[in-house]
Participant: 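Attaching a single structure in C-alpha cells format; questions to follow.
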Amino acid sequence: MVDYGNIKIDEVIKTKNISKNKVANRAEMQRIQLNNYCNKKIQRIDISIIARLCYVLDCEISDLFEYIPPYNNNE
C-alpha cells in the first residue's frame, strides 16, 4: 500500500498548546476518536469532524493534512 499523505492533527494540537481533552470536548467527539486521528489509525475521514477540528483549532484543512505525491521511477 502506498502512503500519499500525512495527518498532522497531533502536531497542530501541540502547536496550539491545548489539551486533547479540550479539543475532543469542543469538537464534540470522543477522546478515543481524536486519538485515532492523531495516531493515524483511521480508515475513513469524516468531513464533519474535520470541519469541527478546524473550527476548534482555528486552522485550515491543509494544516491538518499533507498530500505527498507518490515517487515515480518512470519520470
Side-chain angles (χ1 to χ4, degrees):
M1 183 174 169
V2 179
D3 188 9
Y4 291 103
N6 185 27
I7 301 173
K8 304 184 299 182
I9 296 171
D10 199 40
E11 296 169 30
V12 174
I13 290 172
K14 289 176 184 174
T15 301
K16 299 286 183 172
N17 198 27
I18 185 171
S19 74
K20 285 185 181 179
N21 286 334
K22 281 187 182 180
V23 172
N25 186 26
R26 291 178 184 171
E28 299 176 2
M29 60 190 297
Q30 294 179 4
R31 171 68 192 262
I32 193 164
Q33 192 176 26
L34 178 59
N35 280 337
N36 286 339
Y37 273 87
C38 290
N39 296 324
K40 302 165 181 87
K41 293 182 179 180
I42 55 171
Q43 294 294 320
R44 297 177 189 193
I45 296 172
D46 184 331
I47 195 66
S48 65
I49 289 174
I50 300 308
R52 293 192 309 257
L53 286 172
C54 286
Y55 175 76
V56 169
L57 296 170
D58 189 29
C59 67
E60 300 291 325
I61 292 175
S62 59
D63 296 327
L64 302 179
F65 298 95
E66 175 185 24
Y67 169 67
I68 302 171
Y71 177 71
N72 189 347
N73 287 328
N74 298 328
E75 292 184 7

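Numbers here simply count residues along the sequence, with the first being 1.
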Participant: Once rounded to the nearest 0.5 Å, what's the spacing between atom CD1 of Ile49 and atom CD1 of Ile9?
Facilitator: 9.0 Å

Participant: Suppose we screen for salt bridge (charged side-chain N to carboxylate O under 4.0 Å, His left out). Which residues come up paired with Lys22, at least two apart in sequence or across chains?
Facilitator: none

Participant: Using every non-hydrogen atom in the two residues, find where Tyr37 and Ile7 come nearest and quote the distance to one decimal.
Facilitator: O-CG2, 3.5 Å

Participant: Which one of Asn25, Asn21, Val23 satisfies the side-chain contact (heavy atoms from CB on, under 4.5 Å) criterion with Arg31?
Facilitator: Asn21

Participant: Charged N to carboxylate O under 4.0 angstrom, Lys20 versus Asp10?
Facilitator: yes

Participant: Quick one: does Leu34's side chain get under 4.5 Å of Ile13's, heavy atoms only?
Facilitator: yes

Participant: Decide yes or no on side-chain contact (heavy atoms from CB on, under 4.5 Å) for Asp46 and Met29, but give the supporting numbers first.
Facilitator: CA-CA 11 Å; Asp46 184 331; Met29 60 190 297; over 6 Å; no

Participant: Donor-acceptor pairs are to be reported for all side-chain atoms of residues 57-69 against protein atoms at under 3.5 Å, with residues two or more places apart or in another chain.
Facilitator:
from: Asp63; atom 1: OD2; to: Glu60; atom 2: N; distance (Å): 2.8

Participant: Roughly how far, to the nearest 0.5 Å, is CD1 of Ile47 from CZ of Arg52?
Facilitator: 11.0 Å

Participant: Gln30: which residues meet the side chain to side chain contact (heavy atoms under 4.5 Å, CB included) condition with it, sequence neighbours left out?
Facilitator: Ile32, Gln33

Participant: What is the distance from atom NZ of Lys40 to atom NZ of Lys8, rounded to the nearest 0.5 Å?
Facilitator: 10.5 Å

